[in-house]
Amino acid sequence: MKSPLLSIWATAVFLTFLSQSASGKQCVCELKNLDRPFPMDKLDNIGTVASECNRTITPNQMEEVDVLTLGLQRRLEQLKDSMAVLEKEDDGELYGAVSLRIIELELAEVLELMAKLKGITRSRQQLSQATSSELQNMMKEMLNLEEFDRMQVVKKHRENQRIKRDLAICQHGLQVTPQPPTPARGHCPQGQLVSVSGPRTYALTQYGTSYPYGAWGKDPKPPPGKENMHWLVALTSSNVYANYIRQYSSLTTIVLGVGPTDTVIASSNPTTNTIQGPNVVMYGDALYYGCYYTPSICRFNMTARTVTNVVLPQNSGYNNKYTFGYQEGGYTYTDLDFATDESGVWVMYSTPENFGNIIISKLLTDSPPALGKTWRTSLYKFTASNTFMACGVLYATRFLNKETEEIFYSFDTVTGEERYNLKIQIKKMQTNVQSLNYNPQDRMLYMYSDAYILSYDVIFR
Ligand SMILES: *[C@@H]1O[C@H](CO)[C@@H](O)[C@H](O)[C@H]1NC(C)=O
Ligand SMILES: *[C@@H]1O[C@H](CO)[C@@H](O)[C@H](O)[C@H]1NC(C)=O
């Protein structure tokens, strides 16, 4: 183990932070080499054990339990509310019976969740028992070392770190601090979009790893009774087509893959009215998507189970003509990208007249639906990996590396202002992003990434 940090310990070099000379603009450190022996092998040993521990407990595992527990907590709150309602209903047998049935169903779901949680916790428990005894051993070793530590290597190391921090702050103060890129102004009452949290939920869909293309989310304008519902569309045919929508009663059930309901759009796949491409959205109990092999937008009404079409402007790309791109190529059949924001539904696409650059159109969600106002951007579609809208501003992402996607571009539909210098990072758990959409109701981003579904908080300031 020869990290630079440990080399410093080994030779026991202590830094003494003198001070920032106000006039001279210098950061000074005095180095003293005390060079006395210290049992490095023991320290190395502990380091190795610690790394082992690190490997056995991954953040994913911890997150999974967190998600489950959170979901269960929400369901229990819901159940409590339902019980309260039932207690108030003393005016007739019918209402009571109906509510009782609802509570029965909820209870059954909660029990199912608990069973799943129990299964996961059992396996985690074994893991954590093994780890905790290892941690205890390590702790003992460290205490022994500190005791032995006559020349106070460990203690000094801590101090070194503090001094290094001070030094870094001092140096930072001396540099002409570059202004961080100011975020696009936007028109959110809650402020500007400044960052995106780490993944709040992260799960493989019920399909396993079979379908890398798809989308998921929550209807920002749900009909009564479907407020908690989450939807999932996996492109189950050739990574291009889907002919049904899967819905779950809550975030927890979609994360666990429990009790879905499927609504079929077309009986065969692919055929007329089949979903083509991953970037679909649900809004007002209707699914908006690219129609199979046709330059049209389809709207599938979940209640009436009927499809209405809107023809795209002439020459608009469809059928894998203008796609999003990433490092190794294009995301196939991503010609149309649907988005929801505070004002409703949008669609992004491209045309040869706009040189393959992204075009934004407002989608009027009346009956029948229609295309509204349109904006042409200068963003070449293939340089972006996906887009979403928030408060009337288009945000585009690009592939930075396997762990990070970056929001780098914005287009403000109110002012027409374009920016290419945003640096808002999104932490990924998988390499590719097949769809990304913002939900204005819970202010979260929903991502479909190589068969995994993730959600993130969007942070405004
Ligand atoms: C454990 O993992 C974390 C996060 O990956 C890392 O920052 C830390 O240095 C690791 N610790 C050891 C002892 O390997
Ligand atoms: C869907 O169909 C129902 C029933 O016909 C209707 O009331 C509703 O307005 C439709 N929704 C949309 C978005 O057109």
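In what follows, residues are counted from 1 in the order of the sequence shown. If you're wondering where the values come from, they're calculated on a predicted model, not measured in any experiment.
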Legend entry - Minimum heavy-atom distance between Y380 and G356, given as atom pair plus value: CD1-O, 3.5 Å
Inset, instruction - Give the C-alpha distance, both sets of side-chain angles, the deciding distance and a yes or no for ring-ring contact (aromatic ring centres under 6.0 Å, His included) between Y448 and W216. - result: CA-CA 7 Å; Y448 194 103; W216 78 297; 8.8 Å; no
Inset, instruction - Could you please spell out the steps behind the side-chain contact (heavy atoms from CB on, under 4.5 Å) verdict for T205 and L232? - result: CA-CA 9 Å; T205 74; L232 171 69; 4.0 Å; yes
Legend entry - Pair listing, ring-ring contact (aromatic ring centres under 6.0 Å, His included) test, anchored in residues 295-329, at least two apart: Y326-Y331
Inset, instruction - For I459 and L193, run side-chain contact (heavy atoms from CB on, under 4.5 Å): C-alpha distance rounded to whole Å, both residues' side-chain angles, the deciding distance at 0.1 Å, then the answer. - result: CA-CA 6 Å; I459 294 148; L193 191 164; over 6 Å; no
Inset, instruction - Report yes if the side chains of I424 and V194 come closer than 4.5 Å at any heavy-atom pair, otherwise no. - result: no
Inset, instruction - Please report the closest heavy-atom contact between S361 and T374, naming both atoms and the distance. - result: OG-OG1, 2.7 Å
Legend entry - E418 vs W375 side-chain heavy atoms within contact, under 4.5 Å: no
Inset, instruction - Answer whether the closest heavy-atom distance between the side chains of S350 and K321 falls below 4.5 Å. - result: no
Legend entry - Ion pair E406/R398, N-O distance below 4.0 Å: yes
Legend entry - Y207 atom OH, over 12 foreign heavy atoms within 6.0 Å: yes
Inset, instruction - Classify the ring geometry between Y395 and F388 as parallel (under 30°), tilted (30 to 60°) or perpendicular (over 60°). - result: parallel
Legend entry - Spatial distance of atom OG1 (T272) from atom CG (N309) [nearest 0.5 Å]: 10.0 Å
Inset, instruction - Kindly indicate, with the supporting measurements, whether the criterion side-chain contact (heavy atoms from CB on, under 4.5 Å) is fulfilled by I426 and T404. - result: CA-CA 6 Å; I426 305 179; T404 320; over 6 Å; no
Inset, instruction - Give a yes or no answer on whether the side chain of Q425 reaches the backbone of I407 with a donor-acceptor pair at less than 3.5 Å. - result: no
Legend entry - Test item: Y456 side-chain N/O and K427 main-chain N/O as donor-acceptor pair under 3.5 Å: yes
Inset, instruction - Verify, without hydrogens or angle tests, whether T274 (side chain) and T271 (backbone) share a donor-acceptor contact under 3.5 angstrom. - result: yes
Inset, instruction - Check each of L363, N437, D219 against V281 using the side-chain contact (heavy atoms from CB on, under 4.5 Å) test, and report the only one that passes. - result: N437
Inset, instruction - For K381, check side-chain hydrogen bond (donor to acceptor under 3.5 Å, both in side chains) against everything at least two apart and list the hits. - result: none
Legend entry - Any side-chain heavy-atom pair of L204 and T209 under 4.5 Å: yes
Inset, instruction - Identify the heavy atoms of V433 and N386 that sit nearest to each other, and give their distance. - result: O-ND2, 4.2 Å
Inset, instruction - Enter the distance from M229:CE to S250:OG here, rounded to the nearest 0.5 Å. - result: 9.5 Å
Legend entry - Spatial distance of atom CG (N357) from atom CG (L379) [nearest 0.5 Å]: 7.0 Å
Legend entry - Side-chain donor or acceptor of T340 paired with backbone N/O of Y438 under 3.5 Å: yes
Legend entry - Flag, side chain of N320 to backbone of T332, donor-acceptor distance under 3.5 Å: no
Inset, instruction - Please check if atom NZ in K221 has more than 12 non-hydrogen atoms from other residues, nucleotides or ligands closer than 6.0 Å. - result: no
Legend entry - For the student: nearest non-hydrogen atoms of W231 and K218, plus distance: NE1-N, 3.4 Å
Inset, instruction - Check the pair T351 / S316 against side chain to side chain donor-acceptor pair (under 3.5 Å), numbers first and verdict last. - result: CA-CA 5 Å; T351 64; S316 298; over 6 Å; no
Legend entry - Approximate separation, where rounding is to 0.5 Å, of Y409 OH and N421 CG: 11.5 Å
Legend entry - Main-chain N/O of I359 paired with T377 side-chain donor or acceptor, under 3.5 Å: no
Legend entry - Contact check, side chains of L364 and L371, non-hydrogen atoms, under 4.5 Å: no
Legend entry - Heavy-atom pair of closest approach, residues A234 and A242: O-CB, 3.3 Å
Inset, instruction - Would you mind reporting whether Q206 and Y248 have side-chain heavy atoms less than 4.5 Å apart? - result: yes
Legend entry - Under 3.5 Å donor-acceptor, S385 side chain and T397 backbone: yes
Legend entry - Close side-chain approach of T413 and V393, heavy atoms under 4.5 Å: no
Inset, instruction - Measure across P220 and N439 and return the closest heavy-atom pair with its distance rounded to 0.1 Å. - result: CB-OD1, 3.5 Å
Legend entry - Residues R246, D262: salt bridge by 4.0 Å N-O rule: yes
Legend entry - Ionic contact status for D285 with K226, cut-off 4.0 Å: yes
Inset, instruction - Drop me the distance from Q247's CD to T261's OG1, to the nearest 0.5 angstrom. - result: 7.0 Å
Legend entry - Q276 CD to Y333 OH distance, which is reported to the nearest 0.5 Å: 6.5 Å
Inset, instruction - I would like to know whether I245 and I265 meet side-chain contact (heavy atoms from CB on, under 4.5 Å); could you show each step before the answer? - result: CA-CA 8 Å; I245 298 148; I265 300 175; 3.9 Å; yes
Exercise answer: donor-acceptor pairs, residues 287-299 side-chain atoms, under 3.5 Å, sequence neighbours excluded:
residue : atom : partner : partner atom : Å
Y288    : OH   : R299    : NH1          : 3.1
Y289    : OH   : N273    : O            : 2.8
T294    : OG1  : Y292    : O            : 2.5
R299    : NH1  : T365    : O            : 3.0
R299    : NH1  : D366    : O            : 3.2
R299    : NH2  : D366    : O            : 3.1
R299    : NH2  : S367    : OG           : 3.4

Inset, instruction - For the residue pair P222 and Q441, establish whether any side-chain heavy-atom pair is separated by less than 4.5 Å. - result: yes
Legend entry - Side-chain donor/acceptor of W346 to backbone N/O of A339, under 3.5 Å: no
Legend entry - Test side chain to side chain donor-acceptor pair (under 3.5 Å) applied to Y211 and Q434, step by step: CA-CA 11 Å; Y211 306 125; Q434 285 79 13; over 6 Å; no
Legend entry - Under 3.5 Å: donor-acceptor pair, side chain of S197, backbone of D457: yes
Inset, instruction - May I ask you to decide if F411's main-chain N or O and E417's side chain share a donor-acceptor pair within less than 3.5 Å? - result: no
Inset, instruction - List the steps, then state whether salt bridge (Lys or Arg N to Asp or Glu O under 4.0 Å) holds for E403 with K428. - result: CA-CA 5 Å; E403 290 84 32; K428 292 181 289 188; over 6 Å; no
Legend entry - Partner of L394 under side-chain contact (heavy atoms from CB on, under 4.5 Å), chosen from I360, D337, D341: I360
